[in-house]
2 protein chains.
Amino acid sequence: MDTRQRLLDATRELLWQRGYAATSPNAIMKAARAGQGSLYHHFAGKEDLAAEALRGSAEQLREEAAAILDGEGSPAERIERYLTRERDSLRGCRIGRMTADADVLTSDRLRQPVSETLAWLVDRLAGLIADAQAAGELRADLDPRATASCVASTVQGGYVLARAAGSTEPFDQAITGAVQLLRGAMVG
Amino acid sequence: MDTRQRLLDATRELLWQRGYAATSPNAIMKAARAGQGSLYHHFAGKEDLAAEALRGSAEQLREEAAAILDGEGSPAERIERYLTRERDSLRGCRIGRMTADADVLTSDRLRQPVSETLAWLVDRLAGLIADAQAAGELRADLDPRATASCVASTVQGGYVLARAAGSTEPFDQAITGAVQLLRGAMVG
DNA sequence: GTCTATAACCGGATAGAC
DNA sequence: GTCTATCCGGTTATAGAC
């Protein structure tokens, strides 16, 4: 693997673990086993490197989610599979995590992959919920967008509870709660 | 207001806005209009000051939540009122926010108010849900703890979506979604 | 209790050699 | 493409005067 890619991979990992502000070029260089010269040769600076790393993380998240959301099974089954998919809940969401970083929110280049990815996710979930309603699986009185936002929020908020507790249990409970509520809204 | 209290208030505000790692003693001093001498006279250092400030934020959050959760109305009404209570969703949760800060999670003194407060919240919500079931308001097949975790996660995750989008709308949608799902689980 | 001075270190970045 | 040297400013804290 070339130096440029090692720098990107190291940055993605550190952004996930520590966020943008707390990730120094120095730490990235160490993790990537690259010198300062390499970093500033391949990238204009910290923000430039982070922006490209973040775009990669966003793409990966989308691919992983799409594999389930566009996968097999009825719409309602796919929503439930999205919720119950195995997650390393103590690590949190590599994209959602960035919303706590003020520097990310004030930089258009850093914020864009975050906002676009989460907007895409809610959109896709809302589409699936509408499909489930059209197929007669889910009660028609639910607003698809509101339900989708609630599903995505349960995952994002579950990470918060799990990290606060230092335990995966609150996350699993939150997912169970969402699944139970959704099943209660199934037709039949 | 005395200098010590001004330092605590300024710290609480900055912790909310920027987190622990990104908040410097210098910024606190400026916001509190206090000198370095004052800070290190009243507190042992940054962590000591932040720990006391965080305890204050936690207490305030608990008081505000308790005013609704222990307030008037039936158990189910109070849960819904907790969800729909007005919130400055772009600011996020002053306590939940801290879970994104690695330094907070690795310090027992800083982590404790965060974990205890969120655990208390989920506990209290679970109690209310059990009460609603006992009163025949809510279907008995929901697990109280799972449902409570889902409710708390919806709020915490709603903040993430709102901050990512730079708009309060995703938060409001998530709350609406949770309310609709809960209403669907009402008896009768 | 509060002030100023200073220390020791780290952050992000640039310069120029190789 | 990568290296080392260097710059400037900020962070966290201590020392000692007032």
Side-chain angles (χ1 to χ4, degrees), chain A residues 1-56 97-98 100-111, chain B residues 1-56 97-98 100-111:
Chain A
M1 197 165 36
D2 68 0
T3 306
R4 185 188 154 85
Q5 193 55 49
R6 283 209 315 279
L7 283 164
L8 282 169
D9 289 348
T11 305
R12 283 175 51 174
E13 189 61 29
L14 286 167
L15 285 179
W16 194 355
Q17 275 178 29
R18 318 239 326 135
Y20 177 73
T23 293
S24 67
N26 224 310
I28 294 170
M29 285 155 40
K30 270 191 191 157
R33 300 183 317 281
Q36 222 150 7
S38 305
L39 196 159
Y40 287 99
H41 170 73
H42 291 292
F43 302 96
K46 173 179 169 174
E47 187 185 355
D48 185 45
L49 171 53
E52 186 161 340
L54 221 40
R55 282 198 299 275
R97 194 223 181 288
M98 298 298 142
D101 216 307
D103 293 352
V104 170
L105 263 34
T106 53
S107 155
D108 285 344
R109 301 183 59 200
L110 297 175
R111 180 190 194 138
Chain B
M1 195 165 38
D2 67 1
T3 304
R4 184 187 154 84
Q5 191 57 49
R6 283 208 318 280
L7 283 164
L8 282 170
D9 289 349
T11 305
R12 284 175 49 174
E13 189 61 27
L14 286 167
L15 285 179
W16 194 354
Q17 274 178 31
R18 318 238 328 133
Y20 176 73
T23 293
S24 68
N26 222 314
I28 294 170
M29 284 154 44
K30 270 191 190 158
R33 300 182 318 281
Q36 221 151 10
S38 305
L39 196 160
Y40 288 98
H41 171 72
H42 290 292
F43 302 95
K46 174 180 167 173
E47 188 185 353
D48 184 46
L49 171 52
E52 185 161 341
L54 222 40
R55 282 198 300 274
R97 196 224 178 288
M98 298 299 141
D101 215 307
D103 294 352
V104 170
L105 263 34
T106 52
S107 155
D108 285 345
R109 299 185 59 201
L110 296 175
R111 180 189 195 138

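Residue numbers start from 1 in every chain, and the chains themselves are labelled A, B, ... in the order their sequence lines are given, proteins ahead of strands.
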Please, which pairs that meet salt bridge (Lys or Arg N to Asp or Glu O under 4.0 Å) have at least one residue in residues 15-24 of chain B, sequence neighbours excluded? A:Asp103-B:Arg18
Covered region of DNA chain C, 5' end to 3' end, by chain B [heavy atoms, under 4.0 Å]: C:dG1 to C:dA5
Atom pair CG/CD of B:Leu54 and B:Glu47 - distance to nearest 0.5 Å: 11.0 Å
Please report the shortest heavy-atom distance between B:Gln17 and A:Ala102, naming the atom on each side. O-CB, 4.4 Å
Atom-to-atom span, [atom1] of [X] to [atom2] of [N] - whole angstrom:
X       : N      : atom1 : atom2 : value
B:Asp48 : D:dT12 : CG    : P     : 15 Å
B:His41 : D:dA15 : NE2   : C1'   : 16 Å
B:Glu47 : D:dT11 : CD    : C1'   : 16 Å

Only counting residues at least two apart or in another chain, list the ones meeting salt bridge (charged side-chain N to carboxylate O under 4.0 Å, His left out) with [X].
X       : answer
A:Asp48 : A:Arg109
A:Arg55 : none
A:Arg4  : A:Glu52

Hey, does A:Asp9 have a side-chain heavy atom less than 4.5 Å from the side chain of A:Glu13? no
Residues of residues 12-40 of chain A with any non-hydrogen atom less than 4.0 angstrom from an atom of DNA chain D: list those, numerically ordered, please. A:Gly35, A:Gln36, A:Gly37, A:Ser38
Near DNA chain D, under 4.0 Å by heavy atom, which residues of residues 101-108 of chain B? none
Which residues pass the side chain to side chain donor-acceptor pair (under 3.5 Å) test with B:Ser24, sequence neighbours left out? none
Kindly write out the residues that satisfy side chain to side chain donor-acceptor pair (under 3.5 Å) with A:Asn26, not counting sequence neighbours, or none if the list is empty. none
Parsed dot-bracket for DNA chain D after applying the Watson-Crick and G-U rules with both distances under 3.5 Å and | for other-strand partners is |||||||.||||||||||
Backbone N/O of A:Val104 and side chain of A:Arg111: donor-acceptor pair under 3.5 Å: no
Listed by chain and number, what are the side chain to side chain contact (heavy atoms under 4.5 Å, CB included) partners of A:Ala53, not counting sequence neighbours? A:Leu8, A:Thr11, A:Arg12, A:Leu15
Quick one: side chains of residues 33-46 of chain A, donor-acceptor pairs under 3.5 Å with protein atoms, not counting sequence neighbours, listed by atom name and distance.
| from | atom 1 | to | atom 2 | distance (Å) |
| --- | --- | --- | --- | --- |
| A:Lys46 | NZ | A:Tyr20 | O | 3.0 |
| A:Lys46 | NZ | A:Thr23 | O | 2.9 |

